[in-house]
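A short write-up of the structure that comes next.
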Amino acid sequence: MPTGAWSVYAKTAMLEYAIPGSSPTASPTAFWCALFIDSANPDDSSTNTEVAVTGYARFETVIGGVTSSPFVAANPADLDFSAMDPVTVNAVALYDDDTAGNCYAYWALDAPLIAVAGVIIPANELTLEGERF
Amino acid sequence: MSIEGSWSIHAVSACVSYVLPGFSPDPAPSAYYAALFTDDADPDGGGNTEPTTGGYVRKAVTLTSSGLLTYHNTAHLVWPPISAVSIAGLALMDDLTAGDAWAWWNFPVALDATGGIRLASGELVIRLSDTR
């Protein structure tokens with residue numbers, strides 16, 4: 001899976017954190033992983049269709065540090081969507097809510113995940129970098 | 001003319017940590033001070049030699065938004081003559097005398113400080129890419 005992209009929402013929060021006098025949006029308290037059948041890019045929301053098959057629910061996801069310089073983070077544990085019905089997944093995103101909320105990062109998959117009997121995203125598949133912007 | 005700066009690794013780590021649940025980011029800066037460097041302003045590289053002569057001090061800087069994910073220096077920055085040194089770059093520090101660098105610029109051509117340094121409002125631009 002390619003390295004994830006930060007959303008403009010997340011970048012705005014990052015930037016405002018670094019600007020004295022700004023009031024950045026509050027830090028998220030948790031992330032949930034969401035699956036999409038087309039695009040997960042929240043900044044081009046015209047085709048963001050989240051999976052809605054039986055057994056699907058966003059999966060609470062921890063993102064941990066991998067390296068500090070450059071900064072790289074990833075999911076330390078598998079993300080288990082094995083209970084959902086068959087569906088084709090083309091993108092993955094991290095939200096700050098289990099059903100709605102704001103998207104912080106997203107991954108457009110190089111090849112679709114064909115979920116015949118659910119999907120498990122292995123540990124360290126969702127990577128995020130602290131690019132030098 | 002404006003010059004686009006770069007964020008330091010310190011800034012990137014702090015800002016990314018801010019948006020990751022469970023991380024403890026370094027404290028946000030309460031103010032920025034512009035520091036001049038005679039060699040290289042990149043805090044993650046070599047150089048970082050600040051002038052020590054001619055009454056040189058860092059100058060307080062405020063930043064103003066100038067579009068999506070983009071900020072620039074609000075007001076002009078002026079230093080009086082600083083003996084016979086050339087200035088290769090500038091960094092935004094979170095302290096008047098020490099602290100961490102959050103962003104930095106190396107000038108395309110070194111500035112002669114013998115007649116003082118003047119940077120116009122909007123000359124220092126810092127942004128985040130909106131493409132990834």
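Chain A is the first sequence line, chain B the second, and so forth, proteins listed ahead of strands; every chain is numbered from 1.
Note: A:Thr3 OG1 to A:Leu128 CG = 8.0 Å, rounded to the nearest 0.5 Å. Note that CH2 of A:Trp32 is 8.0 Å distant from CG of A:Asp96, once rounded to the nearest 0.5 Å. B:Asn73 CG to B:Leu63 CG: the interatomic distance, rounded to the nearest 0.5 Å, is 7.5 Å.
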What do the steps show when you test B:Leu36 against B:Val85 for side chain to side chain contact (heavy atoms under 4.5 Å, CB included), and what is the final call? CA-CA 11 Å; B:Leu36 300 176; B:Val85 296; over 6 Å; no

Any chance you could lay out the side chain to side chain contact (heavy atoms under 4.5 Å, CB included) test for B:Thr53 and B:Ile82, step after step, and finish with the verdict? CA-CA 6 Å; B:Thr53 56; B:Ile82 309 168; 4.2 Å; yes

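Of the listed residues (B:Ala31, B:Ala103, B:Ser65), the one with the most heavy-atom contacts under 4.5 Å to chain A is B:Ala31. The candidate with the highest count of non-hydrogen atom pairs below 4.5 Å against chain A, out of B:Ala14, B:Pro25, B:Pro21, B:Ser17, is B:Pro21.
Only the side chain of A:Tyr104 has a heavy atom closer than 4.5 Å to any heavy atom of chain B. Only the backbone of A:Thr25 comes within less than 4.5 Å of a heavy atom of chain B; no side-chain atom from C-beta onward does. For a residue to count as touching a neighbouring chain, one of its non-hydrogen atoms must lie under 4.5 Å from one of that chain's; by this rule B:Thr64 does not touch chain A. For B:Ser13, the parts lying under 4.5 angstrom from a heavy atom of chain A are both the backbone and the side chain. Residue A:Ala105 does not touch chain B at all, counting heavy-atom pairs closer than 4.5 Å. Only the backbone of A:Thr29 comes within less than 4.5 Å of a heavy atom of chain B; no side-chain atom from C-beta onward does. Of the atoms belonging to B:Tyr18, heavy atoms from both backbone and side chain fall under 4.5 Å from chain A.
For B:Leu119 against B:Leu90, the heavy-atom pair with the smallest separation is CD1-CD1, 3.5 Å.
Across A:Leu126, A:Ile120, A:Val119, a single residue satisfies side-chain contact (heavy atoms from CB on, under 4.5 Å) together with A:Leu79, and that is A:Leu126.
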